[in-house]
Amino acid sequence: MPSVTFSSLGLTETILRALRAKGYAAPTPIQQHAIPRLLAGEDLLGIAQTGTGKTAAFALPVLQSLAAARERAKPHAPRALVLAPTRELAVQIHDDFRDYGAGLRLRQTVILGGVAQGPQVAALAKRIDIVVATPGRLLDLFEQGHVRLDHISFFVLDEADRMLDMGFIHDVKRIIRELPRRRRSLLFSATMPPEVASLAQEILHRPKRVEVTPAATTVDTVQQLVYFVKAADKPKLLRELLRDTTLSRVLVFARTKHRANRVADHVSKLGVATDAIHGNKSQSARQRALERFRAGRSRVLVATDIAARGLDVDGISHVINFELPHEPESYVHRIGRTARAGASGSALSFCDPSETSQLRGIERLTGIALQVVQGQPFHAAAAVDEPPGRRPHGRSTKPAGIDRSGGRVRSGVPHRRRRRVRRGAPALQEG
Ligand code: AMP
């Protein structure tokens, strides 16, 4: 079967050139399905998470259609609107639009909270074609009369499920009420809770539905390991893991802003260059932290789920779940930050006894049992023969157990995966 190329999707030479400059060899599955349909004028419901190439899936046809329409935007009245739940994601989408539309004469801007509104007001007064925005600030500026929404011909709602989680859904609905009825609409969401499904029904007109399942896309390339460890021992475990230099670019997830700060402080004290990003940090501090991490000037970035949404940094070698997330879907989002674009990566999860039910939720969602590196499941420690010599971490007094996939484990690592685990994931150093 001939492989699908970007040019076979109906994209113009100007856009193909921009894609070559980005080094994209071929369209991802969501791009293959979404681009021709959007170019044909259909609405789209995309069930996909960050890491699947979904931004280009909507940005390329939006850019091409706007350029083909040969209209000029009026001051204060953009032609396309993309709503994203977080500032980081909005900036990233804006950057992508700029790169993909490099050869097109379209103007764009990004509107987000946490920074002064003056420059945004000034930008909107110009003839802007594409606005990428977080909902709160856009609504503020709309209510102050700095932007009109009645010329929008393309509306993209990205990460709709996260909008809901973050309490933005009322702002989003309020914005939608201001849009013209005749427009093309696209909704992207990693999951489809009932509220998102009903929103999709409200705003989309006979949409095409395109689904890329996250579990299947991540499981194959990310080595997923679990360390059973008490909460009080997690800092020590992190310290020992960081001795291994193969953990070269490490994204650590903590559940709260406060915990993220504490973990970052702990890592800094080890002499490891680190930063934290979360909602209490100013937008400029978050951008600076991201740039340092991207440039390799910091080795560890500690983040909360919300701050890390849409975070796009190449070459993240390891994702560490210092704490397991409450929602299993967040686990899939977290580990999707590593092993991008075909590379491999590791996700190491620290599981305290109080987090056993979260672990179960993750395994149920992804359909796989995480490989045990250290300790044993707190709820099912079945004793089998004591392995000679080495014990995990030199601390566990329990014998090896049985993993939940039924394989016998030794030193906490299942037989059939032991070599791979040793190579890819740092085993703890004794002593
Ligand atoms: P996204 O899901 O939009 O966040 O994209 C994830 C990453 O994949 C980004 O770094 C994109 O630049 C990259 N990407 C998007 N499309 C392609 C493609 N067709 N080939 C290679 N990389 C891509």
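Not measured: the values here are computed from a predicted model. First listed ligand is number 1; within each ligand, the first listed atom is number 1.
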Separation between CD of Gln117 and NE2 of His146, rounded to the nearest 0.5 Å
5.0 Å
In Å, rounded to the nearest 0.5 Å, how long is the span from CD of Glu178 to CG of Asp150?
9.0 Å
Check the angle between the aromatic planes of Tyr227 and Phe350 and answer parallel, tilted or perpendicular using the 30° and 60° thresholds.
perpendicular
Output yes when the distance from some N or O of ligand 1 to some N or O of [X] is under 3.5 Å, and no in every other case.
X      : value
Thr52  : yes
Gln31  : yes
Asp314 : no

Proximity of [X] to ligand 1 by residue part, where a heavy atom lies under 4.0 Å:
X     : answer
Phe6  : side chain
Ala26 : backbone
Gln92 : neither

Taking the side chain as C-beta and beyond, is there a heavy-atom pair between Val62 and Arg184 under 4.5 Å?
no
Would you indicate whether the side-chain heavy atoms of Leu66 and Ser153 approach each other to under 4.5 Å?
yes
Check this for me: does any side-chain nitrogen of one of Glu355 and Lys234 sit under 4.0 Å from a carboxylate oxygen of the other?
yes
Show me which atoms of ligand 1 lie under 4.0 Å from any heavy atom of Thr55.
1 (P), 3 (O), 4 (O)
For atom 21 (C) of ligand 1, the option (of Tyr100, Tyr24, Phe188) bearing the nearest heavy atom
Tyr24
